[in-house]
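Below: one structure, written as structure tokens.
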Amino acid sequence: MSCCPGTRDLNRLPMIDISNIHKTYITGNNKLHVLKGINLKIEAGEMISVMGASGSGKSTLLNILGILDNHDHGEYLLNGIKIEHLNERKAAQLRNKYLGFVFQSFNLVSFKNAAENVALPLYYQNVKRKKRNAIAMEYLDRMGLKEWAHHLPNELSGGQKQRVAIARALIGKPKVILADEPTGALDSVTSQEVMDILTEINKNENITMLIVTHELDISRRTQKTIRITDGMITEIVKNEKIVMNVMS
Ligand code: ADP
Ligand code: MG
């Protein structure tokens, strides 16, 4: 129902709804309790950042949200679907349907060119080569990289590599993009350009976005910043839009 613009539709499910999530890594005799009861609701279309010191559990949380790792306790609902005890086939199915990933180190396949990298998710969905290459070209074009389609990753700049990775994340038409320090390997100008692209995607396509970052000027460009300290959420800040910032 969309009866009342500006009011929250109480019937709408959050895109991500986690409660009391715990995660402990066990290596040999060592137990490391990394996530200590995380509660978080993210509505469809929100753009949120996660900040916290190195080792505080940000990537662990993102991996659980990305169904790349399991939580030990607590509940995770992805668009209302309970994520628990999934076999790899079901997990992959949900990842394909709902999630796109962007990483600090781009994670491109080094011996495949830009177009082939973008097309990769479609290969796993058994889309024929000609069709998937044509679709990949559309997405590269949207990223302003059409001319670079046949270049290998090591022939691209950091910013170009991240745009290829974003195109690859988008080609599966995800509902959510999970980005783990997407600007961590980029200079500040290129970082802002990558944020421009992510913001535009969030606005135009209503794709929910969760961005882990170390940088305040990146987190400020999201609607809300969640701070994780030692495996717990310790602060949620709403980022007001700064229209002008003049020192007087
Ligand atoms: P962040 O992304 O905030 O830097 P991580 O979630 O990567 O933190 O890691 C949190 C803690 O868990 C760190 O101490 C890290 O060394 C540890 N850790 C991460 N992944 C594993 C793993 N697969 N096995 C054991 N320990 C891990
Ligand atoms: Mg990390």
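Each ligand, and each atom within it, is numbered from 1 in the order the structure gives.
Here the CD atom belonging to E193 is positioned 10.0 Å from the OG atom belonging to S188, to the nearest 0.5 angstrom.
Contact record, N202 with G45: ND2-O, 3.1 Å, taken as the closest heavy-atom pair.
Judged purely by distance below 3.5 Å, without hydrogens or angles, the side chains of T199 and D196 never pair a donor atom with an acceptor atom. The closest side-chain donor-acceptor pair between T213 and S219, if any, does not fall under 3.5 angstrom. Using modelled atom types and a 3.5 Å distance limit, the side chains of D180 and S59 yield a donor-acceptor pair. Defined by atom type and a distance below 3.5 Å, a donor-acceptor pair is present between the side-chain atoms of R221 and Q192.
Protein nitrogen, oxygen and sulfur atoms, that is N, O or S, within less than 2.8 Å of the Mg ion (ligand 2) amount to 1.
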Practice problem: Start with the C-alpha distance between H22 and H71, add both sets of side-chain angles, then the distance that settles ring-ring contact (aromatic ring centres under 6.0 Å, His included), and finish with yes or no. | Solution: CA-CA 6 Å; H22 284 259; H71 51 285; over 10 Å; no
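Sorted by chain and number, the residues within 4.0 Å of ligand 1 by heavy atom are Y25, L32, V34, A53, S54, G55, S56, G57, K58, S59, T60.
Partners of R142 under the salt bridge (charged side-chain N to carboxylate O under 4.0 Å, His left out) rule, at least two apart in sequence or in another chain, are E205. In this structure N107 satisfies the side-chain hydrogen bond (donor to acceptor under 3.5 Å, both in side chains) test together with S105, sequence neighbours excluded.
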